[in-house]
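Here's the structure we're looking at; comments come further down.
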Amino acid sequence: MKLKVRRNVIIRDEIRETRGQVAEPPVRKIAVVSVVENPFVDRFQEDLSPLIEASVELGHAMAALGARALEGEEVQSYGKAGLVGVQGEQEHANALLTTAFATPFRDMIGLAPAWISSVTKVAAPGATIDIPVNNIHDVYVRSHYDTMSFAIADIPLPDEIAVIFCMVTRGRIGARVGGMTHDEAVRQSQAARAESVR
């Protein structure tokens with residue numbers, strides 16, 4: 001199966017100050033959104049493996065868009081999401097967001113072993129989506145628990161699926177609840193990789 005991409009949207013949010021706390025560098029949140037035609041509208045499809053297989057090509061295309069949007073920025077957190085139009089079902093988005101889809105993003109980002117937060121729902125056009133993100137090295141880096149929220153007026157149409165990948169360049173402004181730091185998580189990932197190649 002080849003997915004029909006109807007639209008690509010890039011959203012870039014740059015946060016420079018919160019509650020009087022100036023961020024240096026700013027927090028940059030980038031969402032890559034690809035809107036695809038849902039091939040399984042208005043019917044139950046038991047086998048969703050064609051969507052999983054088709055998501056690999058979609059992941060590569062979206063990762064290329066994401067790389068351009070990053071403009072060389074480091075990614076420290078990520079998350080993924082799906083909005084399914086009302087003629088489809090939630091599981092259609094889940095099938096497009098498996099590891100098969102996400103691997104091209106991991107390859108583009110570099111060393112990124114941590115589990116990727118995910119959320120999906122069936123929604124009408126213009127629905128708000130809150131994409132949870134976590135650190136790319138370890139989900140227990142508390143400073144990097146965050147969200148990216150947005151809505152696009154006519155997405156998704158009833159026969160569409162909006163597939164979303166979000167990347168964030170640093171932790172929250174003013175994060176101060178302790179726990180492992182991003183730098184500690186990086187060193188842990190590097191040590192684990194070095195051990196694995198021995």
Side-chain angles (χ1 to χ4, degrees), residues 1-13 29-70 75 77-110 112-136 139 145-168:
M1 174 184 289
K2 184 174 178 62
L3 295 169
K4 182 178 181 180
V5 178
R6 291 181 174 173
R7 240 175 126 169
N8 289 313
V9 180
I10 306 293
I11 299 170
R12 184 180 175 97
D13 185 13
K29 298 180 178 182
I30 296 166
V32 181
V33 184
S34 281
V35 181
V36 302
E37 183 179 289
N38 188 343
F40 299 135
V41 295
D42 293 331
R43 64 187 173 95
F44 181 80
Q45 172 73 22
E46 178 65 36
D47 180 12
L48 295 180
S49 59
L51 282 179
I52 296 172
E53 293 162 6
S55 75
V56 175
E57 182 179 352
L58 182 66
H60 280 290
M62 290 177 65
L65 291 172
R68 289 197 293 273
L70 281 166
V75 176
S77 301
Y78 48 23
K80 54 188 178 176
L83 286 169
V84 183
V86 295
Q87 286 181 274
E89 63 172 297
Q90 185 177 5
E91 203 66 6
H92 297 161
N94 289 317
L96 290 173
L97 291 172
T98 69
T99 300
F101 161 77
T103 294
F105 278 96
R106 291 183 191 275
D107 292 342
M108 181 269 288
I109 291 167
W115 176 80
I116 305 173
S117 298
S118 181
V119 64
T120 60
K121 66 179 183 179
V122 175
T128 298
I129 186 78
D130 299 314
I131 307 158
V133 300
N134 58 263
N135 187 265
I136 66 172
V139 295
Y145 295 150
D146 205 345
T147 56
M148 185 172 184
S149 303
F150 61 86
I152 301 172
D154 53 352
I155 291 177
L157 295 178
D159 64 342
E160 293 179 339
I161 307 168
V163 181
I164 305 157
F165 199 92
C166 179
M167 298 169 286
V168 183

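Under the 4.0 Å criterion applied to side-chain N and carboxylate O atoms, Asp159 and Arg6 are assigned as salt-bridge partners.
If you take CD on Glu160 and OG on Ser34, they are separated by 11.5 Å, rounding to the nearest 0.5 Å. Interatomic distance, Phe150 CZ to Ile11 CD1, rounded to the nearest 0.5 Å: 4.0 Å. Rounding to the nearest 0.5 Å gives a distance of 12.0 Å between CD1 of Ile131 and OG1 of Thr120. Taking CD1 of Ile161 as the start and CD of Glu89 as the end, the distance is 9.5 Å to the nearest 0.5 Å. Atoms NZ and CZ, from Lys80 and Phe165 in turn, are 7.5 Å apart once rounded to the nearest 0.5 Å.
Between the Tyr78 side chain and the Ala114 main chain, a donor and an acceptor come within less than 3.5 Å of each other. When atom types are taken as modelled, the side chain of Arg12 and the backbone of Ala69 share a donor-acceptor pair closer than 3.5 angstrom. The main-chain N or O of Pro125 is never found under 3.5 Å from a side-chain atom of Asp154 such that the two would form a donor-acceptor pair. The backbone N or O of Ser117 sits less than 3.5 Å from a side-chain atom of Asn134, completing a donor-acceptor pair. With Lys29 contributing its side chain and Met148 its backbone, the two residues share no donor-acceptor pair below 3.5 Å.
Side-chain contact check for Val9 versus Ile155: some heavy-atom pair is nearer than 4.5 Å. At a threshold of 4.5 Å between non-hydrogen side-chain atoms, the residues Val84 and Lys121 do not count as touching. For the pair Ile136 and Ile109, the minimum side-chain heavy-atom distance is below 4.5 Å. Contact check for Val163 versus Phe101: side-chain heavy atoms found under the 4.5 Å cut-off. In this structure the side chain of Leu48 never reaches within 4.5 angstrom of the side chain of Asn94, judged on heavy atoms. Contact check for Ser149 versus Ile129: no side-chain heavy atoms found under the 4.5 Å cut-off. Leu96 has its side chain within reach of Val36: a pair of non-hydrogen atoms, C-beta onward, lies under 4.5 Å apart. Contact of the Val33 side chain with the Val35 side chain is registered, since non-hydrogen atoms from C-beta on lie closer than 4.5 Å.
Between Ala123 and Leu83, the shortest heavy-atom contact is CB-CD2, 3.8 Å. Minimum interatomic distance between Ala151 and Gly126 (heavy atoms only, all atoms of both residues): CB-O, 3.4 Å. Smallest separation of non-hydrogen atoms from Met108 and Ala63: CE-O, 3.8 Å. Minimum heavy-atom separation, Gly85 to Pro156: N-CG, 3.7 Å. Between Ala54 and Met1 the shortest heavy-atom distance is CB-O, 3.4 Å. Minimum interatomic distance between Leu97 and Gly82 (heavy atoms only, all atoms of both residues): CD1-N, 3.7 Å.
No donor-acceptor contact under 3.5 angstrom links the side chains of Ser77 and Asn135, judged on distance only. With hydrogens and angles left out, the side-chain atoms of Asp130 and Thr147 include no donor and acceptor closer than 3.5 Å. For Gln87 and Asp42, the side-chain atoms include at least one donor-acceptor pair closer than 3.5 Å.
The aromatic rings of His92 and Phe40 sit tilted relative to each other, their planes meeting at an angle between 30° and 60°.
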Are Glu91 and Leu51 close enough, and set up right, to give a side chain to side chain contact (heavy atoms under 4.5 Å, CB included), and what steps lead you there? CA-CA 10 Å; Glu91 203 66 6; Leu51 282 179; over 6 Å; no
Take Asp47 and Gln45 through the side chain to side chain contact (heavy atoms under 4.5 Å, CB included) test and state the conclusion after the steps. CA-CA 6 Å; Asp47 180 12; Gln45 172 73 22; 4.1 Å; yes
